[in-house]
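As structure tokens, the structure follows; a few thoughts come after it.
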Amino acid sequence: AAAPAPTLAAVGEGDLPEGARQFQNVLKAQKTWAELGKAVKDRGSQFDDKEWVNVQTLLRSVYQVGDDMKAVAKGNGNEKQLFALVKEMQGKIQGADEPAKQKDAAAFLVAVTDIGKSFTSFFDLLSDVPDEL
């Protein structure tokens with residue numbers, strides 16, 4: 001059988017092969033999520049309408065990163081658990097839309113913390129390293 005064609009990335013131009021790009025998207029979403037949490041904690045009660053609309057837009061983009069998370073999880077020993085975690089996380093993201101709509105910083109912060117834990121659990125499961133090591 002012929003060897004598969006190599007995946008070429010324009011090195012230095014920001015292009016990454018598909019799997020690496022998806023992994024990078026998940027890392028970036030986790031970082032952005034943490035930054036959002038800090039912003040809401042520090043000054044969420046002072047957010048204006050436009051900032052809350054931006055929060056809702058961010059919710060949608062983080063929700064869509066779930067597809068990248070599933071792609072990264074494919075073939076992992078914990079694939080079923082990872083897929084279930086992504087589905088659960090997407091449900092939490094949908095649930096966070098209501099406090100964002102209501103401009104309820106305190107309730108939204110609870111969701112931010114919970115979803116942040118889901119990101120951590122995802123990477124823990126993905127690494128699949130036994131605790132004994």
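Separating the CD1 atom in Ile93 from the CD atom in Gln64 is a distance of 10.0 Å, to the nearest 0.5 Å. Taken from NZ in Lys50 to OG1 in Thr57, the straight-line distance is 10.5 Å, to the nearest 0.5 Å. Atom-to-atom distance recorded for Ser121:OG and Glu88:CD is 8.5 Å, nearest 0.5 angstrom. Note that the CG atom of Asn25 and the CE atom of Met69 stand 11.5 Å from one another [nearest 0.5 Å]. Taking CD1 of Ile115 as the start and CE of Met89 as the end, the distance is 6.5 Å to the nearest 0.5 Å. Taken from CG in Asn78 to CG in Leu85, the straight-line distance is 10.5 Å, to the nearest 0.5 Å.
Residues Val112 and Gly37 share a closest heavy-atom pair of CG1-CA, 3.4 Å. Nearest approach of Ala107 to Asp104, heavy atoms of both residues: N-OD1, 3.1 Å. Shortest non-hydrogen contact noted between Gly44 and Ala105 is C-CB, 3.7 Å. When all heavy atoms of Ala73 and Leu126 are compared, the pair lying nearest together is CA-CD1, 4.2 Å.
Between Lys38 and Glu35 there is no salt bridge, since none of the side-chain N atoms of the basic residue sits less than 4.0 Å from a carboxylate O of the acidic one. The pair Glu51-Arg43 meets the salt-bridge criterion, with a side-chain N (NZ, NE, NH1 or NH2) lying under 4.0 Å from an Asp/Glu carboxylate O.
In this structure, the side chain of Trp33 does not engage the main chain of Val62 through any donor-acceptor pair within 3.5 Å. Of the possible polar contacts, none joining the Gln24 side chain to the Ala20 backbone as a donor-acceptor pair under 3.5 Å is found.
Gln94 places none of its side-chain heavy atoms less than 4.5 Å from the side chain of Gln90. When side chains are defined from C-beta on, Lys31 does not count as touching Leu27, because their heavy atoms never get closer than 4.5 Å. Using a 4.5 Å cut-off on side-chain heavy atoms (C-beta onward), Gln30 and Thr120 make contact. Here the side chains of Leu82 and Lys74 are not in contact, with every heavy-atom distance at 4.5 Å or above.
Checked by atom type, the side-chain pair Glu98/Gln102 shows a donor-acceptor distance below 3.5 Å.
Within a 6.0 Å radius of NZ in Lys41, other residues, nucleotides and ligands contribute 12 heavy atoms or fewer.
A single hydrophobic cluster is not seen to contain both Phe83 and Val72; linkage of ILVMFWY side chains at heavy-atom distances under 4.5 Å, directly or through other members, places them apart. The cluster map of Ile, Leu, Val, Met, Phe, Trp and Tyr, joined by side-chain heavy atoms under 4.5 Å apart, puts Leu125 and Phe122 in the same cluster.
By the 30° and 60° cut-offs, the orientation of the rings of Phe23 relative to Phe123 is perpendicular.
Sorted by first and then second residue, the ring pair (Phe, Tyr, Trp, His ring centres under 6.0 Å) pairs involving residues 51-79 (not counting sequence neighbours) are Phe47-Trp52, Trp52-Phe108.
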